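Structure, as structure tokens:
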Amino acid sequence: MIRFNSKSLSPPPPIDEDEDDELSKHRRVLFTDDKGSVKIKHCILRKDPTYNGYGLVLRYQNGLHLIDQVEEDSPAYITGLREDDIILYADKKNVEHLTHDDVKILIRKLSVTNMDIDLILMKKSDIPRYKNYEEKNSINWKPILDDNRTEK
């Protein structure tokens, strides 16, 4: 488990009351099947000079790199990360088959170099459908990874 949090002394930013609309700018449909659409979320995690850390815990559970314990006033929360998000890509690298230690090293490396951490995530509840679809069909990640719609 890796923990990226530590509260600062500065006051927290206001919380958007209409969270779903705010997060919708990060989401796009990955595929649609007979049960509806499965969406991914593209978030750019960046350091905040008034906050020590990112405000999340990264865990490994059942072969998944899971976002957990997101603090509401943290850079992680502000960028759109939520508990039970699963990291599929970090820095445009597929992390699904990486060890948890390798994912932690990648994220720490980006953090230490003060780079933004480009993440593509999916809700944990959509993973079974995603895995099933991936086995039967090929998902073309190139347009998603090349998409620069998310502002830096």
Side-chain angles (χ1 to χ4, degrees), residues 1-7 12-13 15-48 51 53-111 115-147 149-152:
M1 177 170 32
I2 184 171
R3 185 175 294 270
F4 291 104
N5 66 350
S6 178
K7 292 194 182 252
I15 296 172
D16 188 347
E17 295 297 322
D18 199 2
E19 179 182 288
D20 287 339
D21 285 346
E22 182 64 26
L23 290 179
S24 68
K25 70 182 177 185
H26 300 290
R27 291 193 178 110
R28 69 185 286 180
V29 173
L30 180 61
F31 66 86
T32 302
D33 62 12
D34 59 343
K35 295 178 183 171
S37 297
V38 169
K39 296 178 182 174
I40 55 161
K41 185 167 41 173
H42 187 183
C43 297
I44 306 293
L45 183 58
R46 57 182 53 100
K47 287 186 176 181
D48 179 337
Y51 196 94
Y54 291 110
L56 65 95
V57 173
L58 179 60
R59 290 191 306 123
Y60 191 67
Q61 180 181 26
N62 299 325
L64 303 171
H65 304 287
L66 176 76
I67 301 292
D68 195 16
Q69 299 177 24
V70 179
E71 295 178 12
E72 287 189 14
D73 62 345
S74 68
Y77 187 86
I78 292 165
T79 197
L81 298 179
R82 298 296 182 263
E83 291 182 15
D84 287 337
D85 282 345
I86 302 299
I87 302 173
L88 301 175
Y89 283 81
D91 194 31
K92 301 192 184 230
K93 293 177 180 70
N94 186 303
V95 300
E96 293 177 83
H97 300 292
L98 293 182
T99 68
H100 195 56
D101 284 341
D102 288 342
V103 173
K104 292 187 297 187
I105 289 167
L106 174 61
I107 290 173
R108 280 191 184 125
K109 177 182 160 193
L110 294 169
S111 175
M115 294 186 63
D116 291 341
I117 301 172
D118 188 324
L119 299 171
I120 295 178
L121 311 110
M122 179 179 290
K123 288 182 189 175
K124 182 180 178 183
S125 60
D126 286 334
I127 290 293
R129 285 179 57 208
Y130 164 70
K131 296 283 187 190
N132 186 41
Y133 189 89
E134 183 63 45
E135 285 177 14
K136 296 177 182 177
N137 304 287
S138 177
I139 295 175
N140 183 5
W141 285 100
K142 186 170 176 19
I144 295 165
L145 297 173
D146 291 345
D147 186 1
R149 287 184 306 158
T150 304
E151 295 178 16
K152 286 199 175 195

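The shown structure was predicted, so the numbers you read here are calculated from the model rather than taken from an experiment.
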Does some side-chain heavy atom of [Y] sit less than 4.5 Å from a side-chain heavy atom of [X]?
X	Y	answer
Lys41	Ile120	no
Arg28	Lys39	no
Leu66	Leu58	no
Val95	Tyr89	no
Pro75	Arg46	no
Leu45	Leu81	yes
Lys92	Asp118	yes

### Query
Does the pair His42 and Ile44 meet the rule for a side-chain contact (heavy atoms from CB on, under 4.5 Å), with working shown?
CA-CA 7 Å; His42 187 183; Ile44 306 293; 3.8 Å; yes
Rounded to the nearest 0.5 Å, what separates atom [atom1] in [X] from atom [atom2] in [Y]?
X	Y	atom1	atom2	answer
His65	Arg59	NE2	CZ	13.0 Å
Leu119	Cys43	CG	SG	7.0 Å
Asp102	Ile107	CG	CD1	11.5 Å
Glu72	Ile78	CD	CD1	11.0 Å
Asp85	Ile40	CG	CD1	11.5 Å
Ile117	Lys109	CD1	NZ	12.0 Å

Please report the shortest heavy-atom distance between [X] and [Y], naming the atom on each side.
X	Y	value
Asp33	Lys35	OD1-N, 2.9 Å
Ser37	Thr32	OG-OG1, 3.1 Å
Glu71	Tyr77	O-CB, 3.1 Å
Arg82	Ala76	NH1-O, 4.5 Å

Side chain to side chain contact (heavy atoms under 4.5 Å, CB included) with [X]: which residues, sequence neighbours excluded?
X	result
Asn137	Tyr133
Asp126	Val38, Met122, Lys123, Arg129
Lys136	Asn132
Asn62	none

## Note on the structure
Residues at least two apart in sequence or cross-chain that pass side-chain hydrogen bond (donor to acceptor under 3.5 Å, both in side chains) with Glu96, listed by chain then number, are Asn94, Tyr130, Lys131
### Message
Checking Asp84 now: which residues fulfil side-chain hydrogen bond (donor to acceptor under 3.5 Å, both in side chains) with it, not counting sequence neighbours?
### Response
none
### Query
Stepwise, does the salt bridge (charged side-chain N to carboxylate O under 4.0 Å, His left out) test hold for Lys93 with Asp91?
CA-CA 5 Å; Lys93 293 177 180 70; Asp91 194 31; 3.2 Å; yes
### Task
Would you sort out whether Leu121 and Leu88 count as a side-chain contact (heavy atoms from CB on, under 4.5 Å), showing the intermediate values?
CA-CA 5 Å; Leu121 311 110; Leu88 301 175; over 6 Å; no
### Message
Test side-chain contact (heavy atoms from CB on, under 4.5 Å) on Ser74 and Tyr54; report intermediate values, then the result.
### Response
CA-CA 6 Å; Ser74 68; Tyr54 291 110; over 6 Å; no
### Task
Evaluate the criterion side-chain contact (heavy atoms from CB on, under 4.5 Å) for residue pair Ile144 and Leu30; output intermediate values, then yes/no.
CA-CA 9 Å; Ile144 295 165; Leu30 180 61; 3.4 Å; yes
### Query
Does the pair Lys104/Asp101 count as a salt bridge with the N-to-O cut at 4.0 Å?
yes
